[in-house]
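Working notes for the structure below.
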Number of protein chains: 2
Amino acid sequence: MQTRRYHHGDLRAALLTRAEQTLREKGPGALSLRELARDLGVSHAAPSRHFKDKQALLDALALAGFERLDEVLAASRTEGETFADRLGGLVRAYVDFALANAELLDLMYTVKHDPAASEALITAAQRLGATAVELVAEGQRSGEVREGPVDDIAMPVFTTLHGFASFAVSGVLSAEQVGSGLEAVIAYMVRGCAPR
Amino acid sequence: MQTRRYHHGDLRAALLTRAEQTLREKGPGALSLRELARDLGVSHAAPSRHFKDKQALLDALALAGFERLDEVLAASRTEGETFADRLGGLVRAYVDFALANAELLDLMYTVKHDPAASEALITAAQRLGATAVELVAEGQRSGEVREGPVDDIAMPVFTTLHGFASFAVSGVLSAEQVGSGLEAVIAYMVRGCAPR
DNA sequence: ACCTGAACACCGTTCAAGT
DNA sequence: ACCTGAACACCGTTCAAGT
C-alpha cells in the first residue's frame, strides 16, 4: 500500500482543515506552516505549492469562514414570523457562529495591511450584508420597518449585529451578558427600524 | 557625554513608542522585539527586562490604546445640545480614533487566548462603555431617551458604535460610505432610543 | 504537477555574566 | 537594577533537484 506521496490527494484542503483546527485549539500565534506540514507528514516546503505565503493561507481560511457564515445567516431566514422574530434569528445565528468560531471571526475581520490581497475578503464581508438588506426590505414591504433607502437602515443593523458579536467574542461582554442582552439588542434594533 | 547605557532613562516607554510606530507603518506582522531593540540601540535581550513576553508588550500597547480612546470619548461629551447631537459627537470621536489608529484598534479587541492576561484589557474596554451609559442616562433624564434599565439601551448603542468603527477600520465600509453613512447610523440609533 | 532537502536569514526566549 | 553575549530551538521562504 502507498503510505504517502501526494499526501492523500488534496494537500491544500488538508492544510486548511488542519490550520483551522490549530487556530481554534491553540490560537493564531501557534499557527506555523512548518508544524502544519509536520502534522500532515509532508516536507516543510510542500505548502508553498498551494499557498504562496503564510498570509495566503490565512486569507483562504478567512474567505472560507465568510462563506460558511453566509450560509449560516441565509439559513437563519425562517419565514412566516414577525420582522422582530426574523431579526432575532439573524442575531442569534451570527452570535452563535461568532462564539463557536472566535479566532476565525477575528481573522476574518483583521486588517490586512495589504490592500490588494484583502479585496476578496471585503467583498465577501459585504455579501454578508445582503442578508440584512433582504430582511429589512421585506420588513419595509410588510410595513414593519420605516420607509427610506434600505441601506440607511440595513447598514446600521448589520453594524449592530457585528459589534455585538465582536464584543461577545472578545470577552467585553461575558457569556451571561450576551445571553441576557440579546433581547435588549433586538428591542433596540426594532425601535430603530419601526415605523414609529 | 554618555552615549548609551540606560538607553536614555526609560527603555520601557521607548519600546512602546517605537512599537506603536512600527505597528502603524508596517503592520502587526512586522513587529519584532529584536528589530525594536536594534532600532533603540540596545541588545536584543534588553526588552525582556521590561516585558516578560512579546505578548506582554502587545498587551501594554493595547491598554494604552484603551486609555487614549477613553480620553478621546470623554472629551467628545460636549454639552448644551440635543441628545442626538451629543450621540453624533461620540460616534464621530470613536470613528475618527479608529481610522487614525486602525492597527491599534485591531490589537485592542483581538482575542487574547490567554484569559488571565486579558482581564485588564476587558475591564478597560468596559470602562469605555461608561461614557455611553452616562450619555444615555442623561438623555433619559431630559426625556429624549425612553425609560428602562440604562444598560439595556447603552449596551446596544455602544455595540453599534463599535461595529461601525470596526467596519470602517477593516474596509468593509469604504471611507466614503463611512462619511455618508454616519448620519444614517445616528438616525438609526436615535430611533432606537427615542421615547416613541 | 507535486514534493524533498538543504540553505539562508531571521525570530523569541533564556541565562550566565558583566557594570 | 539594568543590560550584554552567546546559545537554543524554532520560524518563513527560496530553489535546485528528484519522482
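Just so we're on the same page: letters track the sequence lines, and every chain starts at 1.
One interatomic measurement links the two molecules: CZ of A:R12 to P of C:dA1, which rounds to 17 Å at whole-angstrom precision. Distance NE2 (A:H50) to P (C:dC2): 6 Å, rounded to an integer number of Å. Taking atom CZ of residue B:R38 and atom P of nucleotide D:dC3, one finds them 18 Å apart after rounding to whole Å. Rounded to whole Å, the distance from CG on A:L15 to P on D:dG12 is 12 Å. The nearest whole Å value for the distance from the CG atom in A:L33 to the P atom in D:dC10 is 16 Å. C:dT13 atom P lies 13 Å from atom CZ of B:F51, rounded to whole Å. The separation between B:R49 atom CZ and C:dT19 atom P is 17 Å, rounded to whole Å.
Shortest non-hydrogen contact noted between A:L104 and A:G65 is CD2-CA, 3.9 Å.
Judged as a side chain to side chain contact (heavy atoms under 4.5 Å, CB included), and not counting sequence neighbours, the contacts of B:A60 are B:R12, B:L16, B:F51. In terms of the ring-ring contact (aromatic ring centres under 6.0 Å, His included) criterion, residue partners of B:F66 (sequence neighbours excluded) are, by chain and number, B:Y109. Scored by the ring-ring contact (aromatic ring centres under 6.0 Å, His included) test, B:Y94 finds no partners at all (sequence neighbours excluded). Qualifying side chain to side chain contact (heavy atoms under 4.5 Å, CB included) partners for B:A184, counting only residues two or more places apart in sequence or in other chains: A:D152.
Among the nucleotides C:dC3, D:dC11, C:dT13, the one closest to any side-chain atom of A:E35 is D:dC11.
Listed by first then second residue, pairs satisfying salt bridge (Lys or Arg N to Asp or Glu O under 4.0 Å) with a partner in residues 95-110 of chain B number zero, not counting sequence neighbours. The stretch residues 37-46 of chain A participates, sequence neighbours left out, in these side-chain hydrogen bond (donor to acceptor under 3.5 Å, both in side chains) pairs: A:R18-A:D39. Under the side-chain hydrogen bond (donor to acceptor under 3.5 Å, both in side chains) criterion, the residue pairs touching residues 45-65 of chain B are B:Q55-B:D59, with sequence neighbours excluded.
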Between protein and nucleic acid, restricted to nucleotides 5-9 of chain D and to nitrogen or oxygen atoms under 3.5 Å apart, what atom pairs and distances do you find?
| unit_1 | atom_1 | unit_2 | atom_2 | d |
| --- | --- | --- | --- | --- |
| D:dA6 | N6 | B:H44 | NE2 | 2.9 |

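Taking a pair as Watson-Crick or G-U wobble with both distances under 3.5 Å, the runs of three or more consecutive pairs in DNA chain C are C:4-8 with D:12-16, C:12-16 with D:4-8.
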